[in-house]
Protein chains: 2
Amino acid sequence: MPSDRTSAGDPARTLALLWRDPSATPRRGPARGLTVDAVVDAAIALADREGLDAVTMRRVAQALGVVPMTLYTYVPGKAELLDLMLDAAYARMERTDSTGEPWRTRLAAVARENQALFEAHPWAVAVSTLRPSLGPGSIAKYEHELAALDGLGLRDVEMDDCLTHLLSFVQANARAAIEASAARAADGLTDQHWWDQAGPLLARVLDPDAYPLAVRVGSAAGAARGSAHDPGHAFHFGLARVLDGLAALIERAGPTGAG
Amino acid sequence: MPSDRTSAGDPARTLALLWRDPSATPRRGPARGLTVDAVVDAAIALADREGLDAVTMRRVAQALGVVPMTLYTYVPGKAELLDLMLDAAYARMERTDSTGEPWRTRLAAVARENQALFEAHPWAVAVSTLRPSLGPGSIAKYEHELAALDGLGLRDVEMDDCLTHLLSFVQANARAAIEASAARAADGLTDQHWWDQAGPLLARVLDPDAYPLAVRVGSAAGAARGSAHDPGHAFHFGLARVLDGLAALIERAGPTGAG
DNA sequence: GAGTACACAGTACATCGTACGGAGTAAGGA
DNA sequence: TCCTTACTCCGTACGATGTACTGTGTACTC
């Protein structure tokens with residue numbers, strides 16, 4: 001499988017595809033039986049239902065009733081298909097209008113929108129690169145999210161820095177949540193079963209004298225996660241920290257439109 | 001390729017392997033020609049030199065002068081090999097002693113150690129799950145890093161929260177840096193070349209009236225990144241934000257050992 | 001000394017992305 | 001009008017992956 005997630009192909013071609021540029025649709029030959037959107041939608045549906053691993057050219061083609069190679073007349077390769085999927089997901093994100101709200105409320109809304117994206121489309125965190133692919137979805141999302149940082153007295157570069165910082169937190173948090181639930185699902189082990197298996201060795205090897213903090217804090221954290229605990233705890237905690245961290249910058253910049 | 005990065009195998013077996021438990025080494029039969037460490041080291045060397053994609057069972061075996069299937073007498077599967085690689089990398093991290101320093105200095109040191117890990121072993125960000133696999137390397141790392149948060153008046157769970165928050169920032173930052181440089185290397189395009197190709201369409205489609213903030217801020221950010229600019233800018237910016245965010249929590253908790 | 005548990009090799013299979021070539025179709029220029 | 005050309009769609013095929021399975025020979029245990 002030569003070069004999967006590299007997107008090394010002609011960037012102009014990929015951009016034209018992302019923007020559905022007419023130059024990308026042919027003028028001659030038989031009518032097409034499908035559309036790029038149909039391919040992308042089928043791939044997204046598959047990824048939503050069965051995860052990113054299920055998105056193979058064969059399975060997507062099967063869902064559309066065509067033979068695998070047919071997809072290549074719509075899309076240069078799988079990497080570009082993934083780019084298109086992500087941009088489509090971006091384009092369809094809900095964008096709450098929070099103009100007039102204080103900046104913390106606005107940024108919290110942005111964070112929650114992105115969290116919702118990753119909750120609805122867990123595959124998006126694996127595809128997302130944080131380097132926007134400059135499709136219409138990315139740009140619309142970027143524009144919307146920058147609005148939450150506008151009028152705070154930040155310089156342009158700082159606005160981008162702050163947004164990147166916020167989004168990278170949400171993505172890291174989503175990634176952790178997804179991997180945790182994937183690990184739980186992969187080995188169909190209940191926590192009890194897991195401890196029965198791993199406990200004896202762990203108890204022998206995790207010497208509280210050698211690792212006092214790790215054992216104490218680790219078991220406290222494990223107990224907190226394991227018991228009936230707010231599942232979105234890490235998100236709330238982290239978001240509060242991120243906003244506090246930005247506050248030091250924003251409130252120094254000048255409360256022009258801070259509300 | 002059934003089930004790659006799932007680590008679904010027997011957790012006890014994996015743990016025994018991580019801790020090099022004697023129960024994992026056999027008592028009968030011919031002497032082994034290799035060791036688990038030799039396999040892990042070969043895999044790490046390969047990953048360091050050619051990236052994680054080059055780490056295939058065949059290539060690792062080749063580097064060791066054995067046939068691919070031989071590796072399976074040392075390691076249950078590839079997923080476990082990756083776990084072992086990560087834990088070995090954790091174990092070998094430099095751990096600067098910063099006791100006595102103020103907490104910001106201590107946490108900054110932790111952040112830099114992790115950044116150095118990802119710089120030396122870029123594959124580690126792809127393997128790392130933020131859910132520690134409980135190997136000796138993970139535990140030693142956890143113990144060391146918790147020490148930077150000890151004596152600040154934080155509850156145990158908060159210590160874990162803060163550390164997770166800090167590490168997840170470093171990892172997200174490293175991921176972005178790696179993907180950026182990978183994208184630059186993948187298509188051997190210079191930035192100039194890229195703009196020649198993509199510029200015309202982009203100029204036509206990125207209407208400043210439709211996306212005023214995106215165009216303005218995006219080009220400012222792009223110019224800042226493109227020109228002679230501190231390459232670690234995002235790290236410094238983000239770290240400062242993270243520490244400011246934790247400060248609100250830590251300094252409220254009580255400056256017991258804040259220095 | 002017998003039986004067992006193991007190391008190591010070789011072959012084989014399912015799965016992946018996609019290169020390649022052929023058959024048929026519709027638009028553009030003569 | 002017809003031929004060329006550009007295109008769609010299909011089928012086959014290739015190299016690569018992780019690893020299950022099946023020997024064959026070795027060294028420890030009783």
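So that the names make sense, note that chain A is the first sequence line, chain B the second, and so on, each numbered from 1. Bear in mind the structure is a predicted one, so any value in this text is a computation, not a measurement. Computed over heavy atoms, backbone and side chain alike; hydrogens, waters and symmetry mates excluded.
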Scan Arg27(B) against the nucleic acid and name what it touches under 4.0 Å (heavy atoms): base, sugar-phosphate only, or nothing.
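Sugar-phosphate, no base atom in range.
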
Assign Val55(A) to base, sugar-phosphate, or nothing according to its heavy-atom contacts below 4.0 angstrom with the strands shown.
sugar-phosphate

If you write DNA chain D from 5' to 3' in dot-bracket form, with Watson-Crick or G-U pairs under 3.5 Å, [ ] for crossing pairs and | for pairs with another strand, what do you get?
.|.|||||||||||||||||||||||||||

How many Å lie between [atom1] on [X] and [atom2] on [N], as a whole number?
X	N	atom1	atom2	result
Asp53(A)	dT15(C)	CG	C1'	12 Å
Arg59(B)	dG15(D)	CZ	P	18 Å
Met57(B)	dC13(C)	CE	P	21 Å
Leu82(B)	dT17(D)	CG	C1'	14 Å
Leu71(A)	dA19(C)	CG	P	13 Å
Gln62(A)	dC16(C)	CD	P	10 Å
Lys78(B)	dA20(D)	NZ	C1'	17 Å
Met69(A)	dC9(D)	CE	P	13 Å

So, are Lys141(B) and Glu145(B) salt-bridged, with charged N and O less than 4.0 Å apart?
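A salt bridge is present here (some side-chain N lies under 4.0 Å from a carboxylate O).
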
May I ask you to decide whether Asp41(B) forms a salt bridge with Arg92(B), counting only side-chain N to carboxylate O separations under 4.0 Å?
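Here Asp41(B) pairs with Arg92(B) in a salt bridge, since their nearest N and O are under 4.0 Å apart.
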
Are any side-chain N or O atoms of [X] and backbone N or O atoms of [Y], one a donor and one an acceptor, separated by less than 3.5 Å?
X	Y	result
Asn114(B)	Val110(B)	yes
Trp123(A)	Leu46(A)	no
Asp87(A)	Gly137(A)	yes

Just wondering, do Val40(A) and Tyr74(A) contact through their side chains at under 4.5 Å, heavy atoms?
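Not touching, per the 4.5 Å side-chain cut-off.
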
Taking only side-chain nitrogens and oxygens of Thr70(A), does any of them come within less than 4.0 Å of OP1 or OP2 of dT8(D)?
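No, no such contact exists.
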
Side-chain N,O (Tyr74(A)) to OP1/OP2 (dC9(D)) below 4.0 Å
yes

Considering heavy-atom distances to DNA chain C, does Pro76(A) or Thr73(B) have its closest nucleotide positioned more toward the 5' end?
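Residue closer to the 5' terminus by nearest nucleotide: Thr73(B).
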
Closest to the 5' end of DNA chain C, once Ala54(A) and Val66(B) are matched to their nearest nucleotides, is Val66(B)

Side chain of [X], heavy atoms from C-beta onward: which of [options] has the nearest atom to it?
X	options	value
Thr56(A)	dC16(C), dG11(D), dC28(D)	dC16(C)
Pro26(B)	dT17(D), dC7(D), dA7(C)	dA7(C)
Arg28(A)	dG28(C), dC10(D), dT8(D)	dG28(C)

Atom CD1 in Ile139(B), atom CD in Glu143(B): separation rounded to 0.5 Å?
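Reported to 0.5 Å precision, the distance equals 9.0 Å.
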
Gap between atom OG1 of Thr25(B) and atom CZ of Arg20(B) - 0.5 Å precision
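With rounding to 0.5 Å, CZ (Arg20(B)) is 11.5 Å from OG1 (Thr25(B)).
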
Of Pro30(B) and Pro68(B), whose closest DNA chain D nucleotide lies nearer the 5' terminus?
Pro68(B)

